[in-house]
Amino acid sequence: MKIYQTNEIKNIALLGNDGSGKTTLTESLLYEAGIIKRRGRITQKNTVSDYFPVEQDYGYSVFSTVFHVEWNNKKLNIIDCPGSDDFVGAALTALNVTDTAILLLKGASGVEVGTQNHFRYTEKLGKPVIFLVNQLDDENLDYDQLLNQLQEIYGPKVVPVQYPLQTGPNFNSLIDVLVMKKFSWGAEGGAPTVEDIPAEELEKATEMHKALVEAAAENDETLMEKFFESEALTEDEMREGIRKGLAARGMFPVFCVCAGKDMGVRRLMEFLGNVVPFVDEMPKVFNTRGEEVTPDPNGPTSLFFFKTAVEPHIGEVQYFKVMSGKVREGDDLTNQDRGSKERMSQLFCCAGATRIKVEELVAGDIGCTVKLKDVKTGNTLNGKDSEHRFNFIKYPEPKFIRAIKAKAEAETEKMMNALQRMREEDPTWMIEQSKELRQILVKGQGEFHLRTLKWRMENNEKIQIEFLEPKVPYRETITKAARSDYRHKKQSGGAGQFGEVHLIVEPYYEGMPAPEMYKFGNQEYRITPRSTEEVKLEWGGKLVFVNSVVGGAIDARFMPAILKGVMQRMEQGPLTGCYARDVRVIVYDGKMHPVDSNELSFMLAGRNAFAQAFREAGPKILEPIYDVEVFTPSDKLGDVMSDLQGRRAMIMGMTSENGYEKLTAKVPLKEMSSYSIALSSVTGGRASFIMKFASYELVPAEVQQKLVKEHEAETSE
């Protein structure tokens with residue numbers, strides 16, 4: 001295979017809602033480029049994409065598929081991404097390592113929730129977008145209506161390059177207003193017949209051509225001047241203007257295909273090869289030191305590994321992008337993240353499960369390799385003159401959490417190893433062994449996401465698992481000051497144990513003034529702080545520990561033991577056994593014995609004194625609150641709001657965004673447990689949401705009573 005140079009390579013992400021036809025389009029692209037001899041069918045389970053057993057069994061894409069096509073001496077690396085937002089990790093990874101996005105639309109459905117989500121990701125990353133309308137043979141497709149919808153949502157930057165002469169089962173021709181020709185196909189699709197535009201379509205095509213010329217000219221001053229003079233541009237000038245418009249997101253061209261019949265696919269590839277920006281024409285990537293890294297084939301070698309796939313009989317297949325320099329078979333490289341050495345024994349260009357051997361890949365190209373010893377997703381491998389490290393892919397917070405356990409306890413370790421391997425393939429799966437909740441938690445992007453994990457665990461790994469409702473990580477705190485003293489005394493022959501601690505607890509907040517005086521009953525307690533220690537708790541919040549003992553009642557060497565006892569009790573709050581937070585503890589008095597006092601005695605005295613005071617200090621339970629953003633069609637807004645309000649949500653605001661309503665709310669985590677399922681049910685799968693931890697807030701009184709009773713019943717059992 002030819003070694004392509006940086007200025008001959010284009011990297012493209014293929015995105016779209018479930019059912020838009022990405023897998024079918026991939027087959028047609030590969031067939032037209034001669035990579036495959038016949039097009040596969042999803043129903044026959046023989047496609048280049050969706051070749052993993054879980055995908056074939058469920059009938060939807062779970063993993064991205066990396067493939068390439070060669071066209072007119074250009075190499076197009078394309079990453080076909082899953083449509084479901086549950087597998088958003090694959091789409092975000094693809095967008096970060098490619099330069100242009102094709103956003104595929106199922107013609108009859110128009111702009112769907114997946115379209116909106118993917119467009120938002122391209123917006124955030126500043127990536128060019130080409131809208132591609134598929135399934136023109138659907139009798140329910142109204143192309144003009146779809147075009148209006150795109151322009152209403154995304155504005156005048158949406159500019160059609162093609163339009164079909166008719167849609168439905170008889171679709172077989174379209175007008176291309178960039179080259180001003182009619183393209184038509186026989187029943188088998190493939191190579192089109194190219195003709196002049198029929199007289200009855202000339203006026204419409206000319207008007208759309210002018211709009212396209214104007215849009216192309218807007219992105220280049222020289223072209224704009226020429227347009228004002230002559231109101232015309234050559235085809236090459238238009239391509240140049242469109243390329244600049246794409247790169248600056250100044251225009252979003254609209255193309256048409258019928259991928260299932262292989263109509264329009266060859267013309268699409270011509271446009272991708274001729275017009276889409278090259279790797280070296282797009283904004284540069286920055287390494288972790290904030291330095292710009294240019295895709296220079298003569299620079300030091302640096303590879304970024306963005307994807308791992310585990311394939312039967314092969315093991316791990318590692319996919320990478322050459323960020324700088326060149327990589328050749330046999331090169332010895334250093335893992336910048338792990339410090340280990342690796343030899344690139346084999347290099348391949350990708351075509352799904354098929355791999356084509358190559359001797360060299362240059363800056364900007366995408367390839368894969370096998371049999372690396374110690375490379376994980378997100379690692380960087382460097383040549384001797386490079387110290388780059390990359391960490392530019394940011395994944396969303398998880399939205400669906402379940403506790404997981406192996407049905408056979410003896411398989412727990414095997415299950416954990418399998419989970420870690422799966423996370424290598426999909427970084428949006430998060431695994432946590434929660435000491436606090438005493439559960440193994442699996443966090444993902446939705447119920448669909450975790451259902452796939454269960455299928456793979458039971459079918460590939462042969463481990464039977466079950467999902468359980470996760471416990472909520474509540475917190476405990478206090479609402480007023482309280483005082484307590486406790487004497488620990490134990491005599492059992494020889495040296496005994498003795499320690500007495502007097503302390504005050506109170507709620508703590510940032511910027512709180514130093515303690516001076518407290519009154520409990522008729523007695524006043526004057527405080528003279530000798531030392532203050534702030535402990536930032538690993539579960540959030542703070543413990544502030546003040547030593548105010550005067551006159552040597554407790555030796556300073558016993559203070560760390562008292563603090564340790566307090567910390568032990570804060571790890572197990574008295575109301576529900578959850579972590580306590582945001583408390584100030586003031587040790588102001590006590591007693592010790594010249595022989596029997598030791599660290600253990602004061603640790604136990606401090607622990608019990610704190611527990612007594614905590615119970616008297618108006619203890620309250622805090623629950624985690626999440627910021628939630630829901631994107632919903634306008635006609636479902638009322639249903640979504642009603643559902644959220646039933647979940648104790650506080651609605652914070654509403655805005656319109658690209659044809660959808662964006663609803664922001666603060667919602668308790670307890671109420672979000674199965675929200676992805678409920679939202680899909682309420683909106684018919686047309687809405688999506690994101691959530692992020694916000695704060696801990698007091699639970700309502702009735703919720704607290706219920707939680708305390710449940711904990712008491714559990715403890716008594």
Would you check if the side chain of [X] reaches a backbone N or O of [Y] as a donor-acceptor pair within less than 3.5 Å?
X	Y	value
Asp86	Phe448	yes
Trp429	Gln420	no
Glu425	Ala309	no

Indicate whether any N or O donor in one side chain lies under 3.5 Å from an N or O acceptor in the other, for [X] and [Y].
X	Y	answer
Asp85	Ser688	no
Arg483	Tyr518	no
Glu661	Ser634	yes
Asn17	His118	no
Ser673	Arg402	yes
Thr576	Glu476	yes
Ser680	Arg686	no

Working to the nearest 0.5 Å, report the span between [atom1] of [X] and [atom2] of [Y].
X	Y	atom1	atom2	result
Asp426	Tyr395	CG	OH	8.0 Å
Tyr474	Ile621	OH	CD1	8.0 Å
Met672	Met691	CE	CE	4.5 Å
His711	Ser716	NE2	OG	10.0 Å
Glu697	Met650	CD	CE	8.0 Å
Lys662	Ser656	NZ	OG	11.0 Å

Could you walk me through whether Tyr154 and Phe119 pass the ring pair (Phe, Tyr, Trp, His ring centres under 6.0 Å) test, one step at a time? CA-CA 10 Å; Tyr154 302 113; Phe119 188 87; 4.2 Å; yes
Please check if atom [atom1] in [X] has more than 12 non-hydrogen atoms from other residues, nucleotides or ligands closer than 6.0 Å.
X	atom1	result
Glu292	CD	yes
Arg289	CZ	yes
Lys471	NZ	yes
Met416	CE	yes
Lys405	NZ	no
Glu413	CD	no

Applying salt bridge (Lys or Arg N to Asp or Glu O under 4.0 Å) to Lys542 and Asp582, what does each step give before you reach the verdict?
CA-CA 5 Å; Lys542 280 185 178 177; Asp582 300 325; over 6 Å; no
Contact summary for [X] and [Y], nearest pair of heavy atoms:
X	Y	value
Phe610	Leu503	N-CD2, 4.0 Å
Tyr696	Arg475	CE2-CG, 3.2 Å
Ala617	Ile478	O-CB, 3.3 Å
Gly618	Thr479	O-OG1, 2.7 Å
Thr308	Glu424	CB-O, 3.8 Å
Tyr486	Gln612	CD1-NE2, 3.4 Å

Under 4.0 Å between a side-chain nitrogen and a carboxylate oxygen: does that hold for [X] and [Y]?
X	Y	answer
Lys670	Glu623	no
Lys435	Glu571	yes
Lys407	Glu466	no
Glu714	Lys709	no

Checklist line | Derivation of the salt bridge (Lys or Arg N to Asp or Glu O under 4.0 Å) call for Glu671 and Arg648 | finding: CA-CA 7 Å; Glu671 308 296 338; Arg648 296 192 284 127; 3.2 Å; yes
Query raised in the report: Would you call the rings of Phe689 and Tyr675 parallel, tilted or perpendicular if under 30° counts as parallel and over 60° as perpendicular?
Result: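 Judged by the thresholds at 30° and 60°, the geometry between Phe689 and Tyr675 is perpendicular.
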Aromatic ring pairing Phe304/Phe392, orientation class (parallel under 30°, perpendicular over 60°, tilted between):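 Tilted, since the angle between the ring planes falls between 30° and 60°.
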Requested in this report: Evaluate side chain to side chain contact (heavy atoms under 4.5 Å, CB included) for Glu710 paired with Gln705, printing each intermediate quantity in order.
Outcome: CA-CA 9 Å; Glu710 285 174 358; Gln705 288 170 8; over 6 Å; no
Item to complete: Check the pair Lys443 / Glu432 against salt bridge (Lys or Arg N to Asp or Glu O under 4.0 Å), numbers first and verdict last.
Response: CA-CA 8 Å; Lys443 304 177 183 181; Glu432 179 190 346; 2.8 Å; yes
Under 6.0 Å between ring centres: does that hold for Phe305 and Tyr319?
no
Considering only distance and modelled atom types, tabulate donor-acceptor pairs under 3.5 Å from the side chains of residues 96-109, sequence neighbours left out.
from, atom 1, to, atom 2, distance (Å)
Asn96, ND2, Leu92, O, 2.7
Thr98, OG1, Ala94, O, 2.7

Arg249 vs Thr122, side-chain hydrogen bond (donor to acceptor under 3.5 Å, both in side chains): CA-CA, chis, key distance, verdict = CA-CA 10 Å; Arg249 284 179 61 89; Thr122 68; 3.2 Å; yes
**Q.** Arg451 to Phe400, cation-pi by 6.0 Å centre distance and 45° axis angle
**A.** no
Please determine whether side chain to side chain contact (heavy atoms under 4.5 Å, CB included) holds for the pair Asn134 and Ser20, giving the CA-CA distance in whole Å, both sets of side-chain angles, and the decisive distance to 0.1 Å.
CA-CA 7 Å; Asn134 190 21; Ser20 57; 5.8 Å; no
(request) Under the salt bridge (Lys or Arg N to Asp or Glu O under 4.0 Å) rule, what do Lys454 and Glu458 come out as? Steps first, then yes or no, please. (result) CA-CA 6 Å; Lys454 190 173 193 290; Glu458 295 182 345; 2.9 Å; yes
